[in-house]
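What follows is one structure encoded as C-alpha cells, with my remarks underneath.
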Amino acid sequence: MSKISVIPQVRDNFKIDSLVNRPQNIGTINEEEAKKLDAKLHTFSYGSCQGGLKLNIYWAVNNEDRVVDCKIIPYGESELVAVASIAGLVTKNKTPQEILNLKEKGIEYFLRENPNNSALPDSLKFLTNITIDALYKCANSYLKEVDNDEIVDISTGTTKNFIKDSIKRFNITTLKELIKYTRAGAYDKSCQYEGAGEKRSNYYLDDLLKETLNEIEQEKKGNTTLSDKPFKQMETKEKRIAIEAVIDKHIRHMLIMDGGDMEILDIKTNGENTDIYIRYLGACNGCASASTGTLFAIEGILKQKLDGDIRVVPL
Amino acid sequence: MAIYLNSNIITNTSNSVQEAMEPFLYKGIDFNITSKENQKALKAYKDAIDKIYRSVNAKDEDTIILNSSANESTSAIFLSIYLKYILTGRKNSIIISHRASEDELKVAKFLESQGCRVHTIPITADGTIDVSLLKEYLTNKTALVSLALVDEESGVIQPIEEICQTCALLEVPLYINAKDAIGRIPLDIQRDKVSFLSFCSDNIEGPKDIAALYIASDAIEIMPTVFGSDTEQAGLRASIKDVAKVIGFGKALEEATDALDFEIEDIRELRDELEEALLKIDGSYSLAPWAIRVPTVSIFAFEGIHASMLLDKLAKKDISAYSFAIFNNKNFERVSLIDIASLDSSLKHSIIGFSLSINTTREDIEETIKAVTQAVEEIREYGDICKEIK
C-alpha cells in the first residue's frame, strides 16, 4: 500500500482521451480492399466477449510479407480503443517477424502524455500487455507456427506463455498482481489455485507463478557463477562476469583507496583481442595517471589473471 | 446541462437541502455550551433526528445511530455478531444472498476464514431470493441473515414481508441494507420487523458521507464501532458528527419520503419511456422484470457493446449512467444478471443501468435516448465484434 492506493485509479491522459474520441486504425478490411492494396487478407480473433476483452485483427499483407494495412475492432474498456489505435500504427509496414520483436513498452510509451508518467492507471495496465500478446498471436498464426501454448483460463483465453512473460515483464510476485496484469482468473476463479473450483485446465495460476519465480531466481544465480571454460571460449556475458570478478578482487580496492572507482561499459571481441571499454569514476576521472600508470596496472592484472590478449580502453 | 442518471451510486445535493444546511455550515457547534446560536442548532438537530426516525417509521424506543456509510453499518453488524455470538460458540453460521454486494461479501469472507459458516441463498429467475430455500437454511444456530432490500444494480425488490416472517419463526436477527430502497419504495419498520436496517444519504440528494443504522429495541446487543462516551450516539459510535450534515440528511430524507406519494409516479413514467425507446435498439435486453423493480431503475444489455465504451461515449455528452460490469469495479464474485436472466454469457460485460432521480426531466430523457442510440451506432460502426474470424 502506498500513495497510489489512495488515489482513484482512473484515466487522466489527454493523448488517450483524444484517441478514444477520434480512433484510428479501428474497423475492418475486406478482401476487395486488400486486393486494391495488392495484398492478401489475414484475420485473427483474440480473446472473447465473455472474458470482457476481445480484439478482431485484420491485416493486409503484401507479397514481401509486409503488413501494409492493419485494422482492429476492439471490445473492452474504452481505453482499449486508444491502445488498439496505437497497435495498428506500430504494426504497419512491419513483417510478422518484426512484429514478434515488438515490446509492450513500445505501445505504452506512445500513449504517454509525459515521458516520466505511465500512460495508463495501475488498474488498466493489462490493456497494453494483452494487446501486444494479441499481436504476437496474430503474427504466429500468419507464420503458421505450431502454437504449443496451452490455455490456462478458459473464460478469458489466457495462455501459459503469456502469463510467464507477464510475470517476467512486470516483476510480478503475488497472485493478486498477476490477476491485475493478465486478468487470468478474474472472472473464473477455478484456475487460481488448486481447490478454488472445478478443474478446467491443466495449470493453476498459483503453480505457474511459483514455477516462473523459481526460474527467474535460477537465471539470476546462473548469471553470477563463473564459467569453467578458458577465457577465449567464453561468451560475452560470461567474460563480463569473469572480468568483474577479477576487478572486484584485485583492482577496485586500489582505486577506492584514492577516492576513485571504475565501471565496465562494454566488452568487444576483436579477432584475437578482447577490448574492454571502461569509464573512470570519482577521483580517477581526470587523474593524470589514469591513462598511464593506473591503466597499465589494470591491464597488467587482467592480462595476468585472464588472458594475454586483453586490451583496456578508457573512455 | 449535465444529466445524472446514476442516482444508484451518487447524487448531487439538492438546492433545498443546501439551504437547510447553510446556517450551520462551517460552524463549530458544541451543544454543551448554551449560547443562542448553539441552541438554535440544537433545535434543528433534534428536528433532523425526528425526520430520520419518521422516514422509516421507527419507534422512539428504537436506536438510530449516524455513521459515514451503509458499508460501515454492514461491517459493524457483521463484526459485532462475530465477536459476540460466533466467537463465543453460541451461534455458528450467517446467511447472505448470491447477489450480496462487495462490502458484504468481503466481510463474510473474513468471517469464513475465522471459522464461521457462510451460506449463500440462490436467486430465482426474476432476481429475488428463494424464500422457501431460506427456510431450509435457517437453524437455531444461525447468527444473522443479511440481505439488500433492493438490488443495487438491477433495482429488484426482495419480498421483505415473507423474509421477515421466516426469520421471526426462529428468532434469527435480520439485517437489511436499504441503501437503494430509501426514497424509492415506502419503508415501514413497524410492519416489517427487522433487527437492523441501514440507509444512507448519498443517493437521495443529501450530503455525502453520512448514513444511518437502525437498531430495533428488541434486537440483540451489538458492539460499538468507535468506543467512547455513552452520551454520544448511544455509545455505539462515539465521534463528533457534522451538525450541518445531519440536518441536511434529515431534510433529504423528508423530501425523499414525501416524494413517494406523487413524484415517484412521474419518475416511473419517464423511466418507462426511456425503457421503451432503448429496447427498440437492435440487440438490447432489459434485465430485470418490470413489476418487481423500483420505479427509478432501468437496466439493459446491448449486444457487442462493452459497458465501459458506452459510458465513455455518454460521458462525453455529460450524461452519467452506471455499470457494475467493468473491470475497475471488480465485483465479479456475485452472480451476474445475465446468468439470472439466462441470456448469452457474451453479454456479461455489456450491462449498463440508468437510475433516475426526482430532478430528472422529460428533456433529459429525450436527450439520453438520442445519445444512447447514437453511441451504440458509433460503437457498432467499428465492426461486428461478435463474429468469430479465423
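In the text below, chain A, chain B and the rest are named by the order of the sequence lines, each starting its count at 1.
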More than 12 heavy atoms of other groups within 6.0 Å of B/Asp282 CG: no
Closest-packed option against chain B by number of heavy-atom pairs under 4.5 Å, given A/Pro74, A/Ser141, A/Pro121: A/Pro74
Greater than 12 external heavy atoms within 6.0 Å of A/Glu194's CD: no
Separation of B/His306 NE2 from A/Leu53 CG (nearest 0.5 Å): 7.0 Å
B/Leu311 versus chain A, the contacting section by heavy-atom distance below 4.5 Å: neither
Shortest non-hydrogen contact from B/Gly383 toward A/Thr28: CA-CG2, 4.3 Å
Closest non-hydrogen atom pair between B/Ile385 and A/Asn56, with its separation: O-ND2, 3.7 Å
Heavy atoms from other residues, nucleotides or ligands near NZ of A/Lys36 exceed 12 (cutoff 6.0 Å): no
Non-hydrogen atoms of B/Ser308 and A/Ser78 that approach each other most closely: OG-N, 2.8 Å
More than 12 heavy atoms from other groups under 6.0 Å of CG on A/Asn30: yes
Steps toward side-chain contact (heavy atoms from CB on, under 4.5 Å) verdict (B/Glu381, A/Ile73): CA-CA 9 Å; B/Glu381 249 170 46; A/Ile73 312 177; over 6 Å; no
Inter-residue atom distance A/Glu77.CD - B/Asp312.CG, 0.5 Å rounding: 10.5 Å
Per-residue contact mode, A/Ile57 against chain B (heavy atom under 4.5 angstrom): backbone
A/Arg66 CZ: over 12 foreign heavy atoms closer than 6.0 Å: yes
Side-chain (B/His349) to main-chain (A/Gln50) donor-acceptor, under 3.5 angstrom: yes
Donor-acceptor contact below 3.5 Å, side chain B/Lys316 vs main chain A/Asn21: no
A/Glu32 CD: over 12 foreign heavy atoms closer than 6.0 Å: no
Chain A contact via B/Asp344 - which portion, at a heavy-atom distance below 4.5 Å: neither
Audit row: A/Val81, B/Tyr382, side-chain contact (heavy atoms from CB on, under 4.5 Å) steps and yes/no: CA-CA 10 Å; A/Val81 179; B/Tyr382 296 161; 4.2 Å; yes
Polar side chain donor-acceptor pair, B/Ser350 to A/Tyr75, under 3.5 angstrom: yes
